[in-house]
Amino acid sequence: MVFWLVSLLGLSVMEMQMPEREIKNIKDLSPKEIEKFVSDNNLKPFRARQISKWVYQKGVSCFEEMSDLSKDFRDLLELSFSMEPSLELSQEQISEDGTKKYLFDLSDGNQIETVLIPEKSRKTLCVSSQVGCALGCTFCMTGTVGKIRNLTPSEILDQYLLVNKDNENGITNIVFMGMGEPLDNLDNLVRVINVLTDPTYLGLSPKRITVSTSGLVPKMKELGEQVSVNLAVSLNAARDELRDEIMPINKRYPIKKLIDASVKFPVPNRKYLMFEYVLLRDVNDSDSDAHILGRLLGGIKCKINVIPFNEASPLPYKSPDWERVLKFQEILMSYKINVRIRKSRGSDILGACGQLAAKYPSIRVKETPAHI
Ligand code: SAH
Ligand code: SF4
């Protein structure tokens with residue numbers, strides 16, 4: 001009966017019985033998994049290095065272009081993996097200060113943003129790790145979206161690969177400060193860091209990679225056990241009752257636990273643990289708050305970035321005036337703390353880290369360049 005129905009519909013039995021197999025993007029594999037694939041197929045270990053060179057260093061877009069691999073090997077790769085970019089550039093905006101924001105379409109229709117921040121001696125890429133974020137910090141636009149899903153390793157890596165190509169391989173530093181909480185996507189984050197830092201893959205120094213977290217304490221420990229990178233902790237309040245209010249994750253991992261986990265984190269040699277403190281007018285910017293913060297962090301080997309709230313956001317917070325920012329810094333310095341005031345870069349294009357929600361209208365939209 002089934003066979004009759006299938007014949008009637010003009011389908012072959014093969015078509016009926018073959019469920020579609022999901023083919024993984026090769027950029028979703030860690031260096032170890034590529035090595036395993038090579039050895040499972042009885043190939044010599046150097047084949048893994050050939051693959052990584054073509055995918056990550058030469059940036060080819062199909063297996064066919066891997067000219068020093070045999071036809072059989074290329075066919076095997078073709079059958080086993082896909083390798084097209086997992087992102088498509090939808091818009092590029094350039095801020096007055098040179099900051100560039102890229103809006104990417106994902107294959108499921110979601111969108112993410114990536115920001116390139118050029119400075120005198122470096123170009124820093126701020127990458128997204130999730131679509132939205134579950135943690136709901138009250139001052140953060142990404143938090144207003146809620147968590148939609150984790151990004152795959154290829155979606156995170158393609159942010160780097162596509163923007164790097166668009167900027168003459170000029171990216172020097174990567175910060176996980178875009179959309180999402182990177183430690184809520186730890187497995188994929190670790191895979192990505194391994195690809196970024198492996199000398200036969202992208203070969204970036206771990207000292208040039210910073211993971212920013214709102215304070216998922218157990219995951220901080222796991223991250224430190226698995227890779228070596230810089231850590232930035234978004235503190236934003238030095239009193240539990242205030243931090244509970246603006247960063248609800250604090251109810252689960254309060255300040256003392258967070259500081260304990262932070263100081264235990266193994267930052268690379270000659271690098272400092274970083275704390276970030278977004279200054280919100282009349283919320284966390286008083287002299288008293290500065291003293292509490294100073295007492296909390298004085299004596300800890302760390303740096304603090306004080307970031308005036310980016311007002312381009314529609315959220316009901318204001319940035320303090322400049323005098324208040326300077327006074328806050330002065331008080332912290334009296335505790336012998338290394339404090340920097342970080343300007344919000346790209347604020348005119350909602351480009352500042354934490355501002356990314358991908359659903360707000362663009363300000364100055366450039367044509368999508370053809371080569372990305
Ligand atoms: N989820 C991670 C990383 C992404 S948020 C984290 O919270 O650390 C990156 C940084 O942007 C955080 O330090 C956050 O406090 C900051 N941020 C969020 N909204 C901001 C705003 N409107 N102005 C300035 N910084 C903001
Ligand atoms: Fe999520 Fe970080 Fe925004 Fe908080 S500040 S909502 S953790 S992205």
Side-chain angles (χ1 to χ4, degrees), residues 99 112-115 117 124-151 156 159 174-186 189 209-217 219-220 223 229-238 242-253 258 261-262 265 273-281 283-285 293 303-320 325 340-358 360:
T99 301
I112 51 159
E113 292 174 329
T114 308
V115 178
I117 306 157
T124 303
L125 188 71
C126 177
V127 293
S128 292
S129 54
Q130 298 182 313
V131 185
C133 178
L135 300 182
C137 303
T138 56
F139 52 84
C140 171
M141 292 227 304
T142 311
T144 63
V145 178
K147 176 172 165 183
I148 297 172
R149 69 169 172 88
N150 284 335
L151 292 184
I156 302 175
Q159 296 172 59
I174 298 188
V175 293
F176 286 85
M177 292 185 185
M179 293 168 73
E181 168 53 52
L183 298 191
D184 186 30
N185 187 11
L186 184 67
L189 175 72
I209 299 175
T210 302
V211 173
S212 178
T213 181
S214 57
L216 298 187
V217 166
K219 303 277 180 181
M220 288 163 65
L223 178 73
V229 281
N230 302 313
L231 185 74
V233 177
S234 300
L235 194 56
N236 300 334
L242 177 59
R243 199 164 188 273
D244 284 354
E245 199 185 305
I246 62 174
M247 299 186 73
I249 189 64
N250 195 65
K251 293 181 198 143
R252 203 172 328 151
Y253 306 116
L258 176 58
S262 306
F265 189 86
L273 170 66
M274 191 99 81
F275 288 97
E276 290 162 292
Y277 195 98
V278 177
L279 275 181
L280 308 166
R281 188 196 291 179
V283 176
N284 64 357
D285 66 341
L293 183 61
K303 290 185 179 177
I304 306 186
N305 281 334
V306 167
I307 311 153
F309 176 69
N310 190 329
E311 283 194 5
S313 144
L315 296 170
Y317 291 99
K318 291 257 171 277
S319 181
V325 177
R340 274 196 316 172
I341 299 173
R342 299 285 295 181
K343 300 176 286 187
S344 276
R345 298 289 305 262
S347 50
D348 55 332
I349 54 166
L350 289 178
C353 293
Q355 285 298 301
L356 309 179
Y360 291 90

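Remember, it's 1-based here, ligands and their atoms both numbered in the order they're listed. It should be emphasised that the depicted structure is a prediction, and the values quoted were computed from it without experimental measurement.
- Residue-to-ligand polar distances place Gly180 within reach of ligand 1: an N/O pair is separated by less than 3.5 Å.
- Here is the list of ligand 1 atoms found below 4.0 Å of a heavy atom in Gly178: 4 (C).
- Near Phe309, meaning under 4.0 Å from one of its heavy atoms, ligand 1 places the atoms 21 (C), 22 (N), 23 (N).
- Distances from atom 1 (Fe) of ligand 2 show that Cys137 has no N/O/S atom below 2.8 Å.
- Of the candidates Met179, Met177, Gln130, the one placing a heavy atom closest to atom 9 (C) of ligand 1 is Met177.
- Interface of Gly143 with ligand 2, defined as ligand atoms under 4.0 Å from a residue heavy atom, comprises 6 (S).
- With ligand atoms numbered from 1 in the order given, ligand 1 contributes 13 (O) to contacts under 4.0 Å with heavy atoms of Glu276.
- With values rounded to the nearest 0.5 angstrom, Leu280 atom CG is found 7.5 Å from Thr138 atom OG1.
- Of the heavy atoms in Tyr317, none comes closer than 4.0 Å to ligand 1.
- No more than 12 heavy-atom neighbours from other residues, nucleotides or ligands sit within 6.0 angstrom of NZ on Lys318.
- Remark: Ser319 OG to Leu279 CG distance equals 7.5 Å, nearest 0.5 Å.
- Residue contacts with ligand 2 include Gly180, since one or more of its heavy atoms lies under 4.0 Å from the ligand.
- Across all non-hydrogen atoms, the minimal contact from Tyr317 to Phe139 is CE1-CA, 3.6 Å.
- Proximity to Ser214 (heavy-atom distance under 4.0 Å) selects the following atoms of ligand 2: 7 (S).
- The two residues Thr213 and Leu183 have their closest heavy-atom pair at OG1-CD1, 3.5 Å.
- Enclosure of atom CZ in Arg149 by more than 12 non-hydrogen atoms of other residues, nucleotides or ligands within 6.0 angstrom is indicated.
- Taking the side chain as every heavy atom from C-beta outward, Leu258 and Met220 approach each other to under 4.5 Å.
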Original post:
Yes or no on side-chain hydrogen bond (donor to acceptor under 3.5 Å, both in side chains) for Ser129 and Glu181, after CA distance, side-chain angles and deciding distance?
Top reply: CA-CA 7 Å; Ser129 54; Glu181 168 53 52; over 6 Å; no

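- Contacts between Asn310 and ligand 1 below 4.0 angstrom, taking non-hydrogen atoms only, involve backbone and side chain alike.
- Residue Thr213 has at least one heavy-atom neighbour below 4.0 Å for each of these atoms of ligand 1: 6 (C), 8 (O).
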